[in-house]
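Below is one structure, written out as structure tokens; the observations come after it.
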Amino acid sequence: MEEKYIELLLEKCIDKQSKILFIHYQKEIDNFIQKLIKKAKDKGISEIYLDCEDIYKTHSLLKESTEKSILESKYFDSSIWDEYAKKNASFLIMETEYPNLMEDIPDNLIALAAKRKRETRPIYRKMVEKCTLSWCIAAYPGKEWAKSVFNNEENSEEKLKQAIFTTCMLEKENPLDCWDNHLNKIQKLMNVLNHLNLTKLHYQNSLGTSLDVYLPKNYQFSSAKDQKVIVNMPSYEVFASPDYRKTEGIVYNAKPLYYNGKKVDEFWIKFVEGRAVDYDAKVGKEILKAIIEGDDTSCYLGECALVEYNSPISNLNITFGTTLIDENASCHLALGAGFAECLKDGLNTSKEELTKQGINSSKIHVDFMIGTSDLSIIATTDQNKEVVIFENGNFSKEINEKANQC
């Protein structure tokens with residue numbers, strides 16, 4: 001199925017009009033990347049830039065670093081991303097996880113290195129925010145990641161590879177058609193949600209979640225399919241950006257959060273007037289604190305995403321340990337930045353005006369999973385009418401019927 005995966009990535013996850021491809025990946029998966037390069041050249045890609053990272057070198061450098069040395073190091077400078085963004089290259093970011101590798105690195109150094117990488121590619125970031133650049137994040141397994149997911153079982157790397165391929169519908173006879181059909185269904189659900197004129201979503205489940213998330217006027221649900229490519233592979237979500245100033249209540253996580261190689265679990269967050277005013281975690285509280293206190297508005301929400309509990313990823317009953325896949329097994333929220341495309345005409349609106357309309361402008365964006373088999377989401381419309389959006393963890397019968405009529 002590896003050949004099918006490469007075909008899917010090149011057909012659905014990069015802009016076929018661009019002849020330039022930028023690939024970020026870990027050194028460990030070089031064999032897979034070489035196969036992908038060969039196929040890309042066969043399809044007419046004329047220039048390929050390989051941004052290869054050796055995570056073990058990164059770990060060694062961080063272990064010996066100070067804040068000053070990180071800020072001065074060329075290793076954490078990502079300005080090459082801007083050079084290729086200016087060329088309108090397609091960006092393919094291949095994720096490979098390394099659980100617990102960074103456990104002995106101080107959180108402030110990890111955060112600073114990530115911040116430096118982010119801030120040295122402002123052109124790339126701006127083009128992503130404005131949806132004028134082709135980019136996609138996908139996954140490919142490594143040995144340590146596979147051992148972590150499957151508890152050192154025999155053939156764990158092959159098992160993880162097959163699980164990732166299943167999440168991408170590669171076991172189907174024609175995955176490309178399957179993704180077209182899936183995205184068509186997602187589009188119909190988005191159309192229904194966007195025409196209901198919703199003002200509020202109330203989340204509730206047996207974990208203790210009781211949360212009111214308010215949507216801005218002229219909200220717009222979106223998906224990981226923009227005008228050109230699928231930006232996350234796999235993707236099963238429809239998402240909106242809430243009015244970051246208005247969230248009220250408490251929410252509990254349903255799956256672990258992995259952030260910069262570290263785990264946060266069994267946590268809750270309480271919101272008042274949009275702000276996370278209290279929180280706790282049995283695992284990784286300091287990491288959660290660093291996220292919430294990352295900048296002036298990282299303590300507010302930037303995304304509310306709807307994903308059915310009865311979904312291809314959730315049904316595998318595997319915690320992958322990467323947000324890319326785990327968020328697509330569960331309804332989730334995100335602390336930090338919102339999305340311009342989640343407001344009507346938002347892509348043509350200044351950042352200042354987006355903020356005025358309730359779109360969070362934080363420099364970070366961290367998803368955490370809250371969906372359960374008993375999650376209910378009851379929405380309120382601008383006519384003060386209640387509409388059941390989710391029941392028992394999935395889209396309600398009413399929403400599905402409306403979508404089928406589209």
- Query: For Thr297 and Asn360, what are the C-alpha separation, side-chain angles and deciding distance, and is it a side-chain hydrogen bond (donor to acceptor under 3.5 Å, both in side chains)?
  - Reply: CA-CA 7 Å; Thr297 55; Asn360 193 341; 2.9 Å; yes
- Return yes if a side-chain donor-acceptor contact under 3.5 Å exists between Glu237 and Ser223, otherwise no. no
- Query: Are the side chain of Arg245 and the backbone N or O of Lys356 linked by a donor-acceptor pair below 3.5 Å?
  - Reply: yes
- Heavy-atom neighbours of Glu47 CD exceed 12 at 6.0 Å: yes
- Message: The test is salt bridge (charged side-chain N to carboxylate O under 4.0 Å, His left out); show your working for Lys263 and Glu103 and say whether it passes.
- Response: CA-CA 9 Å; Lys263 182 179 179 179; Glu103 286 293 340; over 6 Å; no
- Exactly one candidate in Asp280, Asp278, Asp107, Asp265 meets salt bridge (Lys or Arg N to Asp or Glu O under 4.0 Å) with Lys285; the answer is Asp280
- Task: Find out whether Cys299 and Glu293 are in side-chain contact, i.e. whether some heavy atom of one side chain is under 4.5 Å from a heavy atom of the other.
- Result: no
- Message: If you take the centroid of each ring, where Trp contributes its six-membered ring, are Trp268 and Phe368 closer together than 6.0 Å?
- Response: no
- Note on the structure: In short, Leu201 meets Leu198 closest at the heavy-atom pair CD2-CD1, 4.1 Å
- For Asn88 and Ile20, run side chain to side chain contact (heavy atoms under 4.5 Å, CB included): C-alpha distance rounded to whole Å, both residues' side-chain angles, the deciding distance at 0.1 Å, then the answer. CA-CA 8 Å; Asn88 287 309; Ile20 305 173; over 6 Å; no
- Please check if the distance between the ring centroids of Phe395 and Phe390 is under 6.0 Å. yes
- Task: Spell out, as yes or no, whether a donor-acceptor pair under 3.5 Å connects the side chain of Thr209 to the backbone of Tyr252.
- Result: yes
- Message: So for atom NZ, which belongs to Lys126, do other residues, nucleotides or ligands contribute more than 12 heavy atoms lying within a distance under 6.0 Å?
- Response: no
- Item | Full working for side chain to side chain contact (heavy atoms under 4.5 Å, CB included) between Ile110 and Lys262 | CA-CA 10 Å; Ile110 294 174; Lys262 296 190 177 183; 3.8 Å; yes
- Message: Any non-hydrogen side-chain atom of His365 less than 4.5 Å from a side-chain atom of Phe339?
- Response: yes
- Just wondering, do Tyr300 and Pro242 contact through their side chains at under 4.5 Å, heavy atoms? no
- Take atom NZ of Lys159 as the centre, draw a 6.0 Å sphere, and report whether it contains more than 12 heavy atoms from other residues, nucleotides or ligands. yes
- Task: Spell out, as yes or no, whether a donor-acceptor pair under 3.5 Å connects the side chain of Asn194 to the backbone of Phe221.
- Result: yes
- Task: Evaluate the criterion side-chain hydrogen bond (donor to acceptor under 3.5 Å, both in side chains) for residue pair Asn310 and Asn315; output intermediate values, then yes/no.
- Result: CA-CA 6 Å; Asn310 181 23; Asn315 291 338; 2.9 Å; yes
- Item | Heavy-atom donor-acceptor pair, Asn394 side chain to Tyr309 backbone, under 3.5 Å | yes
- Pair Lys270 + Glu248, salt bridge at N-O below 4.0 Å: no
- Heavy atoms from other residues, nucleotides or ligands near CG of Asn384 exceed 12 (cutoff 6.0 Å): no
- Message: Check whether Asp326 reaches the backbone of Gly321 with its side chain - one donor and one acceptor, N or O, closer than 3.5 Å.
- Response: yes
- Within 6.0 Å of NZ in Lys363, more than 12 heavy atoms from elsewhere: no
- Message: Quick one: does any side-chain atom of Ser90 pair with a main-chain N or O of Asp15 as donor and acceptor, under 3.5 Å?
- Response: yes
- Item | Over 12 non-hydrogen atoms of neighbours within 6.0 angstrom of CG in Asp296 | no
- Trace of the side-chain hydrogen bond (donor to acceptor under 3.5 Å, both in side chains) decision for Asn108 with Glu67: CA-CA 8 Å; Asn108 65 308; Glu67 291 189 354; 2.8 Å; yes
- Let me know which of Lys12, Lys172, Lys185 forms a salt bridge (Lys or Arg N to Asp or Glu O under 4.0 Å) with Asp180. Lys12
- Query: Can you find a heavy atom in the side chain of Ile364 that is under 4.5 Å from one in the side chain of Arg118?
  - Reply: yes
- Query: Above 12 or not: heavy atoms from other molecules or residues under 6.0 Å from NZ of Lys115?
  - Reply: no
- Message: I'd like to know if Arg116 and Glu119 make a salt bridge, using a cut-off of under 4.0 Å between side-chain N and carboxylate O.
- Response: no
- ring-ring contact (aromatic ring centres under 6.0 Å, His included) with Tyr84: which residues, sequence neighbours excluded? Phe22, Tyr49
- Item | Note, Ser73 side chain near Ile70 side chain (heavy atom, < 4.5 Å) | no
- Asn328 (side chain) donor-acceptor with Tyr236 (main chain) under 3.5 angstrom: yes
- For the pair Glu83 and Lys87, evaluate salt bridge (charged side-chain N to carboxylate O under 4.0 Å, His left out) and give the outcome as yes or no after the intermediate values. CA-CA 7 Å; Glu83 295 305 310; Lys87 293 181 179 183; over 6 Å; no
- Message: Taking the basic N atoms (NZ, or NE/NH1/NH2) and the acidic carboxylate oxygens, is any pair closer than 4.0 Å for Glu11 and Lys16?
- Response: yes
- Message: Walk me through whether Lys63 and Asp104 qualify under side chain to side chain contact (heavy atoms under 4.5 Å, CB included).
- Response: CA-CA 8 Å; Lys63 198 166 186 179; Asp104 59 344; 3.1 Å; yes
- Message: For Thr322 and Glu97: C-alpha separation, side-chain torsions, deciding distance, then whether side-chain hydrogen bond (donor to acceptor under 3.5 Å, both in side chains) applies.
- Response: CA-CA 7 Å; Thr322 175; Glu97 298 296 328; 3.1 Å; yes
- Determine whether the aromatic ring centres of His59 and Tyr98 lie less than 6.0 Å apart. no
- Below 6.0 angstrom between ring centroids: does that apply to Phe165 and Tyr5? yes
- Item | N/O donor-acceptor pair under 3.5 Å between Thr380 side chain and Lys385 backbone | no
- Ser362 vs Tyr244 side-chain heavy atoms within contact, under 4.5 Å: no
- Message: Check Lys35 with Glu2, please: is the shortest side-chain N to carboxylate O separation under 4.0 Å?
- Response: yes
- Any donor-acceptor N/O pair, His195 side chain to Asn191 backbone, under 3.5 Å: yes
- Within a strict 4.5 Å, meaning less than it, do heavy atoms of the Asn253 and Leu207 side chains meet? no
- Are the ring centres of His332 and Phe239 closer than 6.0 Å? no
- Any side-chain heavy atom of Ile250 within less than 4.5 Å of one from Leu211? no
- Query: In terms of heavy-atom contacts, does NZ of Lys130 have more than 12 from other residues, nucleotides or ligands at under 6.0 Å?
  - Reply: yes
- For Thr247 and Phe271, indicate whether the former's side chain and the latter's backbone hold a donor-acceptor pair under 3.5 Å. no
- Query: Considering the options Trp135, Trp81, Tyr25, which one meets the ring-ring contact (aromatic ring centres under 6.0 Å, His included) requirement together with Phe91?
  - Reply: Trp81
- Task: Give the intermediate values and the outcome of side chain to side chain contact (heavy atoms under 4.5 Å, CB included) for residues Met1 and Gln162.
- Result: CA-CA 8 Å; Met1 281 195 284; Gln162 293 307 312; 2.7 Å; yes
- Salt bridge check: are Glu157 and Lys161 linked by an N-O gap of less than 4.0 Å? no
